[in-house]
Number of protein chains: 4
Amino acid sequence: MRPGPKPDHSRDAVILDAALEVLAEAGYTGMTVDMVAARAKAGKATVYRRWDSKAQLVLDAIARLDLARPPADQLPDTGSLAGDFRALTVSFGTEDEARRLRVMAGLVSMLADDEGLADRANAAVVEPWVEVNRVLLRRAIARHEISSTTDVETLAWVVPAMATYRVCVQRKPIQTGYVAGLIDTVLLPAVGLTATDPG
Amino acid sequence: MRPGPKPDHSRDAVILDAALEVLAEAGYTGMTVDMVAARAKAGKATVYRRWDSKAQLVLDAIARLDLARPPADQLPDTGSLAGDFRALTVSFGTEDEARRLRVMAGLVSMLADDEGLADRANAAVVEPWVEVNRVLLRRAIARHEISSTTDVETLAWVVPAMATYRVCVQRKPIQTGYVAGLIDTVLLPAVGLTATDPG
Amino acid sequence: MRPGPKPDHSRDAVILDAALEVLAEAGYTGMTVDMVAARAKAGKATVYRRWDSKAQLVLDAIARLDLARPPADQLPDTGSLAGDFRALTVSFGTEDEARRLRVMAGLVSMLADDEGLADRANAAVVEPWVEVNRVLLRRAIARHEISSTTDVETLAWVVPAMATYRVCVQRKPIQTGYVAGLIDTVLLPAVGLTATDPG
Amino acid sequence: MRPGPKPDHSRDAVILDAALEVLAEAGYTGMTVDMVAARAKAGKATVYRRWDSKAQLVLDAIARLDLARPPADQLPDTGSLAGDFRALTVSFGTEDEARRLRVMAGLVSMLADDEGLADRANAAVVEPWVEVNRVLLRRAIARHEISSTTDVETLAWVVPAMATYRVCVQRKPIQTGYVAGLIDTVLLPAVGLTATDPG
DNA sequence: CGATAAACGAGACGGTACGTCGCGTCTTCTG
DNA sequence: CAGAAGACGCGACGTACCGTCTCGTTTATCG
């Protein structure tokens, strides 16, 4: 094999985590590459050797946010769509999800800058949530809880899109109650179910 | 009266229009105040005499987008909620609305930079649309078409929030069909109505 | 005339003086453009608006060193070549000339970097001294003190070149005694005169 | 003895020659250690294992320039100071000496950077020449050709200092004629001799 | 003759200066 | 005296080089 050190990929993680920290604290505009490099105890050249620009760095950083997410095959299965959704909302009280959303809010600044970057941001942060909703909806169809003609694709986006709007534009935090409200008021009625008290 | 010319407020409109043009072409980040001043054949000081910052300038600029919007008291009144909403959707095929949304997409970049600017952006671009929905929903309640316990506040946000998400994050255009789909699939079912063919 | 502020040439002098200070303290390599800008309370962009590079800045800076030099038409005229030269050496004890030479020493680093820059440095710092020597030698020829076949061009360079070598390469200070020694030991014998005690 | 290969000192010469090449082509500032290592097909670590810094590397490199110089005990001995000096000047037409001076010119950049490096550069490049002159002058004193009170130390520096100035600051080549002119016009008259036609 | 340790080519790394560009302020001249 | 033109202070961006360190490979000595 060619001699010489491979790129030290353990530095990648350190730099990306530093980027996420700064991003959550200062937002995309307030974050400087020097800040990230300093926090990661890395040289600026090391950052730019791996990523072409600040924007690319941030994109890779946000991709790390999903590493801690539960995989789609370990979803709650309560037997009812309402119960499944309600079980999911619990995660919005965790510090982990709060961080994810703070980052998403800081990240909005860059969405318009580069064609395709927004796609990747969307794919990294929101799409996984949508996918979970798709699975839950399809399971409800499979057990004949809701109509087989339900527009899964549209409905799976309702809560993630509205929550993202709240975080990014209105800049309000997302708490369990807010998501639960959307589910009871919009999602369940839209699929023909009545919101019932979980007790 | 003191001598000398009054502030030439006709310049305001020229500068704001120049700002909108640049904003639609280059996005918030790509737009520079020098570009705007040059296009308006104005000095940069003239811009800063009227607006404290680039962000404030853009906020005022986007407020002009609403000038062409129908005022809330000239809303369609078809007698049914479904008809009213459907009548609204026609505006989304116009070039005017398309421009509004291109600007909104370019505008996302600035939301995270300054506390409160996002509020104003929200108020200028999305809130009027929400207000229209509130009026239509309340009229439907008044004529007992939908339940008086309907959560107007939440439901009025469903379509604007999802459309904004689509434009700003997914960067897809909003056409009449997309909005109509949201109304038929999400909004009407959520208030207990069935989407019916307009014909 | 075209409106707008002219480049504020009073800033030029401030920046150039700051450059000379830093140059004398740290040498060309140790001098940074940020240091110069900070000391001049100027922005780095202001420096680069006037000079293409650090090297060009330094070149203009050293050109200022001559502003304080006595013009060639106010040279000492003691009636003898030995007396004229001896009168000139007095200036080498002044703080002004000491600074000039500290700068020259700091400046050596850049001579090889760009074709032609060395010429300008030479012209600014050493050539004026050579010109003074030429005048003194020609006057001595005119009054038949020395031979009319004297090689003025070569001899005028002897003391400046050796002094420059001492400062730049050997990095020793130039004092009155050193220059006087060169005159008595090299220059006056070379033109056929005997060094005589000035008393 | 401990196992493992000894340092391969054949690499030293390759690296130093590469350094001289780059130095002559690009000057001290334009030369990078990576360039030298690449040209020598050596790793940068191999360079830094032997020399503490770029400056030390260059100093050792220029020391190699003297390997071809005649040792001080094989000096010309023509019986007259003028003849001895004139015999020395022939070397300045050689390609070997021309290269030495090109390197010296490129080397000036580093003189101001580190206290003591200039001394070593001076010792390596100019001092040997001065030493030759000292020997010739002392021999002339010994055979009563010139005064025993001659200031050998100062006069031995005249030609090397002026030639160095010409190469480093004025960046003109040194040819046989230039050195011969200095000898006839400055050095010989300064010691009380008349330049005589060598024929 | 196989283990070991040094030296090597390659090149990633932390650090620092360079030169560019945009923001928001301030100054000069013109109508 | 308002306004265009644009220079200014500030600070972030992305690039290049220095000197250090770390890989895998080769090579010479030792057990």
Side-chain angles (χ1 to χ4, degrees), chain A residues 1-9 11 29-35 37-38 40-55, chain B residues 2-8 11 29-35 37-38 40-49 51-57, chain C residues 1-9 11 29-35 37-38 40-55, chain D residues 1-9 11 29-35 37-38 40-55 57:
Chain A
M1 190 201 283
R2 162 173 74 58
K6 306 301 151 289
D8 179 357
H9 287 293
R11 306 302 294 132
T29 305
M31 155 185 160
T32 74
V33 177
D34 283 285
M35 280 184 205
K41 294 195 187 309
K44 202 159 44 143
T46 300
V47 176
Y48 279 101
R49 196 174 300 117
R50 289 169 166 70
W51 297 281
D52 286 345
S53 66
K54 177 181 166 182
Chain B
R2 61 171 167 57
K6 312 295 155 294
D8 180 359
R11 307 298 296 130
T29 304
M31 156 186 161
T32 73
V33 178
D34 286 279
M35 283 183 203
K41 295 201 184 308
K44 209 161 36 141
T46 303
V47 176
Y48 280 101
R49 197 173 300 120
W51 296 279
D52 286 346
S53 67
K54 174 181 168 181
Q56 295 283 354
L57 165 64
Chain C
M1 190 202 282
R2 154 173 84 55
K6 305 301 152 289
D8 178 357
H9 288 295
R11 306 302 293 133
T29 304
M31 156 185 160
T32 74
V33 177
D34 284 285
M35 280 183 204
K41 296 197 185 308
K44 202 159 45 143
T46 299
V47 176
Y48 279 101
R49 195 174 300 118
R50 289 169 165 70
W51 296 280
D52 286 345
S53 66
K54 177 181 167 182
Chain D
M1 190 199 284
R2 63 174 166 51
K6 307 295 156 289
D8 178 0
H9 286 293
R11 307 300 295 128
T29 304
M31 155 185 161
T32 73
V33 177
D34 285 278
M35 283 183 203
K41 294 199 184 308
K44 210 160 39 141
T46 302
V47 175
Y48 279 100
R49 198 174 297 120
R50 289 167 166 73
W51 296 279
D52 286 345
S53 67
K54 175 180 166 181
L57 165 65

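Side chains included, hydrogens not; waters and symmetry mates left out as well; all remaining heavy atoms used. In what follows, chains carry the letters A, B, and so on, assigned in the order in which the sequence lines appear, proteins first and then strands, with residues in each chain numbered from 1. What you see is a predicted model; the values in this text were computed from it and never measured.
Taking a 4.0 Å limit (strictly below) on heavy-atom distances, residues 46-54 of chain A reaches DNA chain E at A:Thr46, A:Arg49, A:Arg50.
The interatomic distance linking B:Arg11 (CZ) with F:dA5 (P) rounds to 9 Å, in whole Å. Atom CG in C:Asp34 sits roughly 13 Å away from atom P in E:dT16 (whole-Å rounding). Protein atom CG of D:Asp8 is 6 Å distant from nucleotide atom P of E:dC8, rounded to whole Å. When the C1' atom of E:dG22 is taken as reference, atom CG of B:Leu57 falls 15 Å away, rounded to whole Å.
Across all strands shown, D:Lys44 has heavy atoms under 4.0 Å from base atoms, whether or not it also approaches the sugar-phosphate. Using a 4.0 Å heavy-atom criterion, one finds that D:Ala45 contacts the bases of the nucleic acid, with or without backbone contacts as well. Counting any heavy atom pair closer than 4.0 Å across all strands shown, C:Met35 reaches no nucleic acid atom.
Mapping A:Val33 and C:His9 onto DNA chain F by nearest heavy atom places C:His9 closer to the 5' end of the strand. The residue among A:Thr32 and C:Ala37 whose nearest nucleotide of DNA chain F lies closer to the 5′ end is C:Ala37. When each of C:Met31 and A:Gly43 is assigned the nucleotide of DNA chain E with its nearest heavy atom, A:Gly43 is the one assigned upstream, toward the 5' end.
With sequence neighbours excluded, no residue forms a side chain to side chain donor-acceptor pair (under 3.5 Å) with A:Thr46.
The minimum heavy-atom distance between C:Lys54 and C:Val33, with the atom names listed, is CB-CG2, 4.0 Å.
Legend: salt bridge (charged side-chain N to carboxylate O under 4.0 Å, His left out) pairs involving residues 41-50 of chain D, not counting sequence neighbours, sorted by first then second residue: D:Asp12-D:Arg50, D:Asp34-D:Lys44.
Here E:dA7 is the nucleotide among E:dG14, F:dG9, E:dA7 with the atom lying nearest to any side-chain atom of D:Pro7.
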